[in-house]
Asks: 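Would you mind keeping the following structure in view while I ask a few things?
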Protein chains: 2
Amino acid sequence: MRLTTKGRYAVTAMLDLALHGSDRPVSLADISGRQDISLSYLEQLFAKLRRNELVKSVRGPGGGYRLSRARDEIFVAEIIDAVNESVDATGCGGTADCQQGEVCLTHHLWCDLSKQIHGFLSGISLANLVERREVKNIAARQDARSQNPAPAETLTLAEL
Amino acid sequence: MRLTTKGRYAVTAMLDLALHGSDRPVSLADISGRQDISLSYLEQLFAKLRRNELVKSVRGPGGGYRLSRARDEIFVAEIIDAVNESVDATGCGGTADCQQGEVCLTHHLWCDLSKQIHGFLSGISLANLVERREVKNIAARQDARSQNPAPAETLTLAEL
DNA sequence: GCAATAACCTACTATTTTAGTCAATTAAAA
DNA sequence: TTTTAATTGACTAAAATAGTAGGTTATTGC
Ligand code: FES
Ligand code: FES
């Protein structure tokens, strides 16, 4: 199991899409600006998200990405699965054979843990996140900043 | 958050210690043989486990390691913490400042996930694992094999 | 038709982590 | 005093992370 910035970036970007993509497609440049994620890196992540049919793309001017399903039908676990390998915590990937073809001493523990994590993350949809108060507040802060994109040297206290 | 073979090896080795270390210290060579973990790698892991006061060492012939506490007072979460950095899933480590000093969109989600994982793994002690039927069975298999250590070429079906 | 936009694709890279190996030293028991 | 086994430190190959760079293709508005 691994959860690094790759998975975190993917969920953050998808949440940004859920927040801003209700009417028009959202470009990666927009997401990059709001969430401080490298544009080229986002391209890599969205290639995987598209392959896993979590987003649809629209090319050309005014284009970008939109969610391929409703916000309440996309779950955090799917997003992490799409960019990472999986949220599986076992060493064997479920085949119960990591000790020379036989099940190891701690296999069942990692299975239980995997179920725990997967159960938790597949119970949270983008819609759930969008509804959260903290998420709304943070999104409002990000929107305010991006509408008035001043260089770092001239940032006022009010903008922070 | 990361859970790789490092953390899995550590838990497996500690469980081996809980299973075999009731009367005498257990040498790393024994654990290495039973669990198929490189001896030198175990040495590295046990250096960390000792620094975190999860095990005590006994040098010299007949020496080895023993648990520094009772089996029901050592929890899986502690073991993983000792060798890995932590089971924390956030990018900020709890300081809520991963986006240029401010909290990011998904901070609360990763906090919740961390609590979930930590709650699960800190509720499982070595004593809990030792009592499990599957663990007993697998340990019995491993013991039978190690008492009759034949080279791979001459292994009989009965030994497998 | 043309320029601008933005997805799409491929390849490359620096850094870090993993999963070890190797060699030498120290302490204790037999 | 020899053997056992922990202890320490340095080193390494391979993989993954977190990007960067440069180009190509499709679409839209002018
Ligand atoms: S983790 Fe599944 S057999 Fe070891
Ligand atoms: S993960 Fe805590 S602020 Fe981003």
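Note that these values count all heavy atoms, side chains included, but never hydrogens, waters or copies made by symmetry. In the text below, chain A, chain B and the rest are named by the order of the sequence lines, each starting its count at 1.
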Asks: Using atom NZ of A/K56 as one end and atom P of C/dC8 as the other, report the distance to the nearest whole Å.
Replies: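 Rounded to the whole Å, the gap is 13 Å.
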Asks: Whole angstrom is fine here: how far is it from CZ in B/R51 over to C1' in D/dT8?
Replies: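 That distance rounds to 10 Å.
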Asks: Respond yes when some side-chain nitrogen or oxygen of B/T4 is under 4.0 Å from OP1 or OP2 of C/dT17, and no when none is.
Replies: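 Answer no for this pair, as no side-chain N or O of B/T4 is under 4.0 Å from OP1 or OP2.
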Asks: From C-beta outward on A/R2, which listed nucleotide comes closest to its side chain: C/dA7, D/dT20, D/dA16?
Replies: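 Looking only at heavy atoms from C-beta outward on A/R2, the closest nucleotide is D/dA16.
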Asks: Decide yes or no on side chain to side chain donor-acceptor pair (under 3.5 Å) for A/W110 and A/S114, but give the supporting numbers first.
Replies: CA-CA 6 Å; A/W110 311 125; A/S114 299; over 6 Å; no
Asks: Within the sub-3.5 Å range, which N or O atoms of nucleotides 9-15 of chain D have a protein N or O partner, and how far apart are they?
Replies:
none

Asks: Identify all pairs in which a protein N or O lies below 3.5 Å from an N or O of nucleotides 26-30 of chain D, and state each distance.
Replies:
residue : atom : partner : partner atom : Å
D/dA26  : O4'  : A/R59   : NH1          : 3.2

Asks: Take atom CZ of A/R66 and atom P of C/dA7, then tell me their distance rounded to the nearest Å.
Replies: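 In whole Å, C/dA7 P lies 13 Å from A/R66 CZ.
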Asks: Take atom CZ of A/R34 as the centre, draw a 6.0 Å sphere, and report whether it contains more than 12 heavy atoms from other residues, nucleotides or ligands.
Replies: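 Counting neighbours around CZ of A/R34, more than 12 heavy atoms of other residues, nucleotides or ligands fall under 6.0 Å, so yes.
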Asks: Taking all atoms of both residues into account, what is the closest heavy-atom pair of B/Y65 and B/L17, and its distance?
Replies: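 Shortest heavy-atom contact: O-CD1, 3.4 Å.
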Asks: Would you mind reading off the distance between A/Y41 atom OH and C/dA7 atom C1', rounded to a whole angstrom?
Replies: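 After rounding, the reported distance stands at 19 Å.
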Asks: Side-chain contact test, heavy atoms from C-beta onward, threshold under 4.5 Å: evaluate it for A/L126 versus A/I79 and give yes or no.
Replies: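 A/L126 reaches A/I79 side chain to side chain.
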Asks: Taking B/E78 for its side chain and B/F75 for its backbone only, find out whether a donor-acceptor pair lies under 3.5 Å.
Replies: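 Confirmed, B/E78 side chain pairs with B/F75 backbone.
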Asks: At less than 4.0 Å, is any side-chain N or O atom of B/S57 found next to OP1 or OP2 of D/dA5? Yes or no.
Replies: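 Checking D/dA5 against B/S57, no side-chain N or O comes under 4.0 Å of OP1 or OP2.
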Asks: Round to the nearest Å and state the distance from B/R8 atom CZ to C/dA19 atom C1'.
Replies: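 Atom-to-atom, B/R8 to C/dA19, this comes out as 12 Å.
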Asks: Roughly how many Å is it from CG in B/L39 to P in C/dG20, rounded to a whole number?
Replies: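 Going from CG in B/L39 over to P in C/dG20 covers 12 Å.
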Asks: Taking only the side-chain nitrogens and oxygens of A/Y65, find out if one of them lies under 4.0 Å from OP1 or OP2 of C/dA6.
Replies: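 Indeed not, no polar side-chain atom of A/Y65 lies that close.
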Asks: Is B/S38 near enough to C/dT21 that one of its side-chain N or O atoms lies under 4.0 angstrom from OP1 or OP2?
Replies: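 B/S38 to C/dT21 OP1/OP2: side-chain N or O found under 4.0 Å.
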Asks: Using a 3.5 Å distance criterion without hydrogens, assess whether the side chain of A/H107 forms a donor-acceptor pair with backbone atoms of A/V103.
Replies: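 No.
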Asks: Among C/dG20, C/dC9, D/dA18, which is the nearest nucleotide to the side chain of B/Y9?
Replies: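 Ranking C/dG20, C/dC9, D/dA18 by closest atom to the B/Y9 side chain puts C/dG20 first.
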Asks: Is there a side-chain contact between B/K6 and the phosphate of C/dT18, meaning an N or O under 4.0 Å from OP1 or OP2?
Replies: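 Yes.
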Asks: Starting from the 5' end of DNA chain C, give me the residue, A/R50 or A/G63, whose nearest nucleotide shows up first.
Replies: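 Nearest-nucleotide comparison on DNA chain C picks A/G63.
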Asks: Tell me: CG of A/L28 to P of C/dC9, nearest whole Å?
Replies: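 Atom CG in A/L28 sits about 13 Å away from atom P in C/dC9.
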Asks: Does A/T5 make a side-chain N or O approach to OP1 or OP2 of D/dA18 shorter than 4.0 Å?
Replies: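 Affirmative; the distance criterion is met.
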Asks: Check whether B/S122 reaches the backbone of B/A77 with its side chain - one donor and one acceptor, N or O, closer than 3.5 Å.
Replies: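 Not a single qualifying donor-acceptor pair exists.
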Asks: With a 3.5 Å distance limit and no angle check, can you tell me whether B/D30 reaches the backbone of B/V26 through a side-chain donor-acceptor pair?
Replies: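 Here the side-chain-to-backbone pair does not exist.
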Asks: Between D/dT7 atom C1' and B/L49 atom CG, what is the distance in whole Å?
Replies: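 Computing the B/L49:CG to D/dT7:C1' distance gives 14 Å.
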Asks: Quick one: do A/R132 and B/D112 satisfy salt bridge (charged side-chain N to carboxylate O under 4.0 Å, His left out)? Show the steps, please.
Replies: CA-CA 13 Å; A/R132 285 206 202 174; B/D112 291 351; 3.4 Å; yes
Asks: Between A/H20 and A/D143, does a side chain to side chain donor-acceptor pair (under 3.5 Å) hold up when you go through it step by step?
Replies: CA-CA 10 Å; A/H20 298 92; A/D143 288 350; 2.7 Å; yes
